[in-house]
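Predicted model, so just to flag it, every value in this text is computed and none were measured. Residue numbers begin at 1 in each chain, while the letters A, B, ... track the order of the sequences.
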Amino acid sequence: MEYNYKEVEQKWRQFWEDNQTFKTGIDTTKPKYYVLDMFPYPSGAGLHVGHPLGYIASDIIARYKRLKGFNVLHPMGFDSFGLPAEQYAIQTGQHPAITTEENITTYIRQLKQIGFSYDWTKEVRTSDSKYYKWTQWIFMQLFNHYYDKDANKALKITDLVEKFATSGNKSVNAVCDEDTPVFTSEEWNAMSEFDQQSMLLKYRLTYPDESVVNWCPGLGTVLANDEVKDGVSERGGFHVEQKKMKQWAMRITAYADRLIDGLNEVDWSDALKEQQRNWIGRSTGASVKFQVDASTVQENAPEFIEVFTTRVDTIYGVSFMVIAPEHEYVPFLTTPEQKEAVDEYVKWVASRSELDRMSEVKKVSGVFTGSYVINPFNDEKVPIYLADYVLAGYGTGAVMGVPSGDQRDWNFATHFNLPIIPILDTQKDIDKQADNTKEGKYINSGIINGLEYKEATKTLTTYLEEKGIGKGKIQYRLRNAVFSRQRYWGEPVPVYFKDGLPYLIEESELPLDLPVIDKYLPTETGEPPLGRAENWKYKGEYEYELSTMPGWAGSSWYWYRYMDAQNEQEFASQESINYWKAIDLYIGGSEHATGHLLYSRFWNKFLKDLGLVPEEEFAKKLINQGMIQGRSNFVYRLAVSNLKSLAEIKIVYTDIYFSHGYYTQFKNGELSLEKVQELVKSVTDKNLWEGFENPKFDLIDRHVDVNIVNNDILDTNAFKNWREDFANAEFILEDGKYICGVEVEKMSKSKYNVVNPDILVDKVGADTLRLYEMFLGPLEQAKPWNTNGIDGSFRFIKKVWRLFYEDLGNFKVKDEAPTPAELKVLHTAIKKVEEDLERYSFNTVVSTLMICVNDLGSLKCSKKAILQELVILMSPYTPHIAEELWTLLGNEAGTISYASFPKFNPSYLVEANFEYPISINGKVRANISFPTDAIPADIEAGVLANEIVQKWLEGKAPKKVIVVPKRIVNVVM
RNA sequence: GCCAGGGUGGUGGAACUGGUAGACACGCAGGACUUAAAAUCCUGUGAACGUAAGUUCGUACGGGUUCGAUUCCCGUCCCCGGUACCA
């Protein structure tokens with residue numbers, strides 16, 4: 001009897017839904033396990049085979065943990081705010097909510113087909129106002145808190161106000177803007193409401209700030225770096241410039257140290273942790289103030305320029321200073337002679353994105369301002385340059401140039417003919433390249449001459465602090481996160497403006513719903529789309545914030561909402577948060593390494609400070625799944641042409657398609673016209689070259705829908721039916737097949753390489769798809785999608801079925817006692833499956849299951865005791881067929897989901913004899929055979945076993961014996 | 001550029017802690033069953049040489065450490081992700 005996967009799978013999906021098999025609640029009698037997928041953005045292209053990869057893995061773990069007796073929370077939802085729906089709205093006028101709703105419906109339908117054990121009653125959508133009410137609520141908490149460095153946590157802003165009123169801000173050790181002045185309580189109390197509120201903004205964890213954005217005047221909007229290609233907008237090709245704009249910011253830097261320290265307590269890959277550490281970029285160094293040489297500068301020029309350096313010890317090697325081209329000091333430092341050159345340079349830089357500037361480090365560019373600073377240590381005059389490798393937003397926007405110790409500075413100095421001063425006696429070849437060594441003794445270095453690195457740094461820092469011109473400082477690469485977007489489809493910021501200052505709306509007024517607007521573009525005056533909303537004023541009077549929140553707002557806390565998704569009083573009840581606590585296993589793409597995962601950790605720490613959540617880190621274990629790339633297929637169309645003269649080229653595209661092998665020959669210049677003409681004759685009587693003088697041909701590659709290609713072989717009939725212009729296609733085959741070309745590209749609609757899971761579920765069933773996706777390779781590795789091997793997984797399912805049914809359709813499972821050989825096969829599998837799942841090696845489990853089923857097939861095993869355990873073992877991977885077989889074995893329907901995982905018994909694996917492989921002098925191989933009960937303990941333990949070998953060599957003493965557990969690796973004679 | 005990861009047969013990959021490289025699967029070739037096809041089952045399948053036993057080479061490339069390296073170290077090349085407004 002053939003296994004009818006369609007019927008069986010449908011039946012069990014229905015069963016799970018009808019019986020709410022996977023609905024989870026608080027159950028204190030069981031240990032809890034929270035396994036979560038990074039929720040998807042519901043794009044218009046629907047779910048492709050890359051999405052389920054991580055979902056299948058997490059589902060396997062969820063099902064495995066249920067078998068292990070855990071109460072498992074395994075939810076799914078949608079990160080449904082985002083740019084694509086808004087772009088679509090701009091193009092078509094359809095409200096993003098409608099687009100989003102449609103896409104989510106598709107996603108849910110597709111997800112349900114794969115048999116995930118989600119508790120759908122806990123679904124969340126970030127664009128649902130019942131959800132974003134709480135995103136806005138968290139924003140309000142951030143606004144109402146500041147970071148106290150002494151308490152090392154966020155505290156209420158009202159506490160801060162109290163402190164200001166009683167003792168000013170001198171004794172307050174809090175994270176705030178760099179330019180915050182010191183004031184007394186008297187001064188504070190004398191301040192106007194406006195000044196007090198402005199001052200508090202310098203402390204709040206979210207605050208309005210000036211930041212640089214990609215401004216596109218042509219579109220009247222701000223663009224993501226992603227939307228800018230080569231200095232122009234991807235959409236429309238308009239000019240893009242860098243512009244400063246008022247934006248909400250999140251004071252994530254307040255948490256920088258805790259974000260670094262917290263990495264020690266999570267089980268994430270070292271690579272990912274390293275990336276986060278580097279992103280935060282804590283560097284210890286010093287800030288140094290350089291006095292500006294007043295003789296050449298303009299009025300209002302600053303007295304000092306401050307730089308941050310991690311190598312204060314190189315200060316005597318400074319031969320120039322560079323400030324960012326957009327630095328506010330630039331106009332004051334530029335001399336009249338240099339003005340033209342400086343203006344031109346600044347203009348050029350403004351046209352370049354930050355990414356361009358960072359990327360093209362090899363090309364040195366810059367311009368002299370005409371002014372100088374004085375090196376405080378040796379009173380040397382140092383020229384001030386502008387260069388685009390210095391970014392205004394990082395540090396002080398100014399750096400000191402030490403060509404002998406830094407390659408970029410060296411390149412700059414060489415380009416502008418600036419001196420390169422050696423500062424360490426160990427530096428070599430500094431006329432050819434920089435040498436960044438810290439070894440050796442200082443030379444040409446005033447007060448640190450003859451000292452070594454550590455002492456020198458200490459001496460200099462002390463000197464700086466004594467003179468009040470600098471201090472030891474910890475600097476972070478991490479910048480405060482920009483939190484506004486000039487977009488429509490995002491959470492409105494629950495803020496209104498009074499007298500130019502932001503105020504929160506009342507909590508009771510949440511959610512602040514997105515207003516309805518008719519067009520989704522910015523306003524004519526350059527305001528964000530929300531500026532179009534009519535009569536949208538707070539209390540009918542005050543202007544609301546017109547920006548919306550960024551994509552990451554809603555995704556920075558969603559795992560708590562799943563715990564109690566319907567709660568209208570809180571973002572989740574304390575009871576549920578304290579039960580589920582944190583995510584035990586989180587699976588998602590590595591592209592979120594520094595975005596989502598960092599912001600989420602930040603918000604989680606903040607919520608922890610408020611006492612709302614119990615854990616400092618939100619995800620204990622994290623696995624990054626690799627990206628699935630597309631694998632495009634090509635057909636090769638024959639084009640016939642003649643080249644009479646350049647003016648008279650005639651090209652005719654024929655309906656003849658050549659198999660890939662001919663294309664390869666063609667590319668290598670091995671395919672002659674005669675050969676092509678001969679091949680063409682086999683499919684058509686027409687002379688395609690009739691009337692052509694000097695005939696030529698070409699093979700044109702075209703993408704072909706991968707869904708009508710199987711194992712790179714084209715389904716020629718499906719191709720003819722695919723599109724009208726292929727209806728009359730003729731094919732030049734190889735070995736009777738039309739073989740397509742292959743290329744790895746991004747998955748995209750236009751390349752016809754999007755493989756849709758629905759089609760595969762229809763063709764081979766959800767179990768096969770689940771099995772195959774896991775079998776593809778290590779979860780964490782990026783790989784192109786390839787459907788070629790899926791038959792192997794399909795065969796596995798059919799083989800399992802045949803363990804239960806004879807060819808004639810009789811159920812053959814017997815209630816007999818299993819043989820030792822059968823038990824060995826089963827228990828080998830139990831051990832491997834368990835071990836591999838515990839280390840999240842999803843692909844090797846599939847091999848283990850395949851070997852187990854093959855072996856049981858060879859043993860013609862149809863014993864109930866064996867098959868029952870096998871079915872449980874398979875159930876996380878192939879739940880549908882497992883459910884079916886489980887009931888066929890006489891168990892109650894649906895109980896397999898909470899059955900217990902087979903217990904491994906090592907005694908079934910013990911052999912009577914064990915062969916120890918041995919090699920002598922690295923070459924000759926032989927085996928020593930021992931009865932198992934006589935295996936020497938020192939071989940098991942992997943220690944030297946000279947005696948044993950000597951005995952085996954009949955008395956000859958080996959020089960050296962190298963033994964590893966269960967193997968004598970080498971005997972050196 | 002910078003940060004991080006990767007490169008193993010015709011293909012996807014396995015080898016977990018430095019210990020018999022290529023498990024498992026796809027594909028291919030041959031065979032069995034069949035009127036035939038499909039399905040299924042069996043055998044072979046890294047390369048070179050050899051009738052064979054076997055020998056040599058072989059984990060991107062070049063070096064190093066080690067009795068022993070796909071694994072550790074140094075250098076080079078190539079591919080993928082991130083690079084702060086894609087999500």
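Within 4.0 Å (heavy atoms only), A:Phe775 reaches at least one base atom of the nucleic acid. Residue A:Pro778 is in sugar-phosphate contact alone, with no base atom involved, counting any heavy-atom pair closer than 4.0 Å across all strands shown. If you check every strand for non-hydrogen atoms under 4.0 Å, A:Ala593 touches nothing. At a threshold of 4.0 angstrom between heavy atoms, the contacts of A:Glu591 include nucleobase atoms, whether or not backbone atoms are also involved. Residue contacts shown for A:Ser484 include a base, since a base heavy atom lies under 4.0 Å away. Counting any heavy atom pair closer than 4.0 Å across all strands shown, A:Lys832 reaches a base atom.
Judged by distance alone with a 3.5 Å cut-off, a donor-acceptor contact links the side chain of A:Gln486 to the base of B:C85.
Between B:G13, B:C26, B:A87, one nucleotide has an atom nearer to the side chain of A:Asp79 than all others, and that is B:A87. When distances are taken from the side chain of A:Gln629 to each of B:C80, B:G12, B:C16, the shortest belongs to B:C80. Checking B:U83, B:A25, B:C85 against the side-chain heavy atoms of A:Trp279 singles out B:U83 as nearest. Of all nucleotides listed (B:C85, B:G12, B:G82), B:G82 comes nearest to the side chain of A:Gln275. The side chain of A:Arg795 has B:G27 as its nearest neighbour among B:A4, B:A14, B:G27. Minimum atom distance to the side chain of A:Lys799 is reached by B:C41, of the listed B:C41, B:G12, B:C85. Nearest to the side chain of A:Ser590, among B:U11, B:G81, B:G82, sits B:G81. Nearest to the side chain of A:Leu478, among B:G12, B:A84, B:A87, sits B:A84. Distances from the side chain of A:Asn278 to the nucleotides B:C86, B:A25, B:A4 place B:A4 closest. Side-chain proximity of A:Ile851 to the nucleotides B:C24, B:A84, B:A4 is greatest for B:C24.
When each of A:Val846 and A:Val213 is assigned the nucleotide of RNA chain B bearing its nearest heavy atom, the one mapping closer to the 5' terminus is A:Val846. Map A:Lys783 and A:His596 each onto its nearest nucleotide of RNA chain B; the residue landing nearer the 5' end is A:Lys783.
The closest donor-acceptor contact from the side chain of A:Glu210 to the backbone of A:Lys244 lies at 3.5 Å or more, if one exists at all. The backbone N or O of A:Ala593 lies less than 3.5 Å from a partner atom in the side chain of A:Gln276, making a donor-acceptor pair. Put simply, the side chain of A:Tyr5 gets close to the backbone of A:Lys763: a donor and an acceptor are under 3.5 Å apart. Between the A:Ser590 side chain and the A:Asn624 main chain, no donor and acceptor come within less than 3.5 Å of each other. Looking only at distances, a side-chain donor or acceptor of A:Lys783 sits under 3.5 Å from a matching main-chain atom of A:Gln781. Put simply, the side chain of A:Ser555 gets close to the backbone of A:Trp552: a donor and an acceptor are under 3.5 Å apart. When atom types are taken as modelled, the side chain of A:Lys273 and the backbone of A:Val266 share a donor-acceptor pair closer than 3.5 angstrom.
B:A87 and B:G13: their P atoms are spaced 30 Å apart (whole Å). Of the P atoms belonging to B:U45 and B:A38, the separation is 24 Å, rounded to the nearest Å. Only the P atoms considered, B:U71 is 26 Å distant from B:G81, to the nearest whole Å. Nucleotides B:A39 and B:A48 are separated by 39 Å at their C1' atoms, to the nearest Å. Taking atom P on both nucleotides, B:C79 is separated from B:C24 by 34 Å, rounded to a whole Å. Distance check on atom P: B:G18 versus B:C85 gives 41 Å, rounded to whole Å. For the C1' atoms, the distance linking B:C74 with B:U20 amounts to 29 Å, nearest Å. A gap of 31 Å separates the P atoms of B:G62 and B:A53, to the nearest Å.
Figure legend. B:U20 is base-paired to no nucleotide; pairs are counted as Watson-Crick or G-U wobble with both atom distances under 3.5 Å. Nucleotide B:A29 is matched to B:U43 when pairs are restricted to Watson-Crick or G-U wobble geometry with both distances under 3.5 angstrom. Applying the Watson-Crick and G-U wobble criteria (two distances, each under 3.5 Å), B:G75 pairs with B:C61. When Watson-Crick and G-U wobble pairs are counted only if both distances are under 3.5 Å, B:A14 pairs with no nucleotide at all. Here B:U66 sits opposite no nucleotide as a Watson-Crick or G-U wobble pair (both hydrogen-bonding atom distances under 3.5 Å). The nucleotide B:C49 finds its pairing partner in B:G54, both defining distances of the Watson-Crick or G-U wobble pair being shorter than 3.5 Å.
OP1 or OP2 of B:G13 lies within a sub-4.0 Å distance of a side-chain N or O belonging to A:Gln781. Within the structure, every side-chain polar atom (N or O) of A:Asn843 is placed at least 4.0 Å from both OP1 and OP2 of B:G12. Put simply, A:Asn624 has no side-chain N or O that comes within less than 4.0 Å of OP1 or OP2 on B:A4. Regarding contacts with the backbone of B:C85, a side-chain N or O of A:Arg485 is found under 4.0 angstrom from either OP1 or OP2. The shortest distance between the side-chain N/O atoms of A:Arg802 and the OP1/OP2 oxygens of B:C41 is below 4.0 Å.
The distance from atom CZ of A:Phe78 to atom P of B:A87 is 17 Å, rounded to the nearest whole Å. The interatomic distance linking A:Tyr772 (OH) with B:G27 (P) rounds to 10 Å, in whole Å. The interatomic distance linking A:Ile790 (CD1) with B:G13 (P) rounds to 16 Å, in whole Å. Atom CE of A:Met627 is separated from atom P of B:C86 by 13 Å (rounded to the nearest Å). Residue A:Glu780 contributes atom CD, which lies 13 Å from atom P of B:G7 at whole-angstrom precision. The nearest whole Å value for the distance from the CG atom in A:Asn854 to the P atom in B:U40 is 12 Å. Distance A:Trp552 CH2 to B:A87 C1': 14 Å, rounded to the nearest Å. A:Gln87 places its CD atom 13 Å from the C1' atom of B:A87, with the value rounded to the nearest Å.
Residues A:Glu274 and A:Arg277 are paired through a salt bridge, judged by an N-O separation under 4.0 Å between the basic side chain and the carboxylate.
Anti is the conformation of B:G27, whose glycosidic angle sits further than 90° from 0.
In this structure, A:Tyr131 has its ring center closer than 6.0 angstrom to the ring center of A:Trp557.
Within the 4.5 Å cutoff, the side chain of A:Trp279 has heavy atoms near those of the A:Arg477 side chain.
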